[in-house]
*Asks:* 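Let me begin by handing over the structure; questions about it come next.
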Amino acid sequence: MQNISEDKLRTMTLEILHLERKNLRSKAKTDQRMAEEIARVIVDYSKTRY
């Protein structure tokens, strides 16, 4: 299994934190929808890696 670069991991983490902060302010998404958004970000980054 290959490792994700530090830069890619940092970028993904910041994007997820940004999504969470936006959601906390607006309360627009349920926990389930937020989990789906986070999963989408992770899958997108894993696809661009390989």
Side-chain angles (χ1 to χ4, degrees):
M1 185 164 110
Q2 295 182 0
N3 293 331
I4 298 175
S5 70
E6 285 286 322
D7 187 47
K8 185 85 65 173
L9 184 60
R10 189 176 305 113
T11 304
M12 182 173 51
T13 302
L14 289 174
E15 186 170 340
I16 290 171
L17 289 173
H18 175 72
L19 286 171
E20 288 179 341
R21 188 171 107 193
K22 236 171 56 173
N23 188 48
L24 284 174
R25 286 184 179 168
S26 67
K27 303 278 188 199
K29 296 181 182 171
T30 62
D31 287 343
Q32 178 64 33
R33 293 227 18 233
M34 196 62 209
E36 290 168 1
E37 285 286 316
I38 291 171
R40 182 191 55 78
V41 168
I42 293 169
V43 168
D44 288 349
Y45 272 91
S46 68
K47 285 181 181 176
T48 59
R49 171 75 174 139
Y50 303 108

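Residues take their numbers from the sequence shown, with the count starting at 1.
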*Asks:* Measure the shortest side-chain to side-chain distance between Arg10 and Asp7 over non-hydrogen atoms and say whether it is less than 4.5 angstrom.
*Replies:* yes
*Asks:* Could you grab the distance from atom CG of Leu9 to atom CG of Leu14, nearest 0.5 Å is fine?
*Replies:* 9.5 Å
*Asks:* Pairs of donor and acceptor atoms involving the side chains of residues 33-43, under 3.5 Å and at least two apart or interchain, shall be tabulated with distances.
*Replies:*
from: Glu36; atom 1: OE2; to: Gln32; atom 2: NE2; distance (Å): 3.1
from: Glu37; atom 1: OE1; to: Arg40; atom 2: NH2; distance (Å): 3.2
from: Arg40; atom 1: NH1; to: Asp44; atom 2: OD2; distance (Å): 3.0

*Asks:* Which residues pass the side-chain contact (heavy atoms from CB on, under 4.5 Å) test with Asp31, not counting sequence neighbours?
*Replies:* none
*Asks:* If the condition is side-chain hydrogen bond (donor to acceptor under 3.5 Å, both in side chains), which residues does Glu15 pass it with, not counting sequence neighbours?
*Replies:* Tyr45
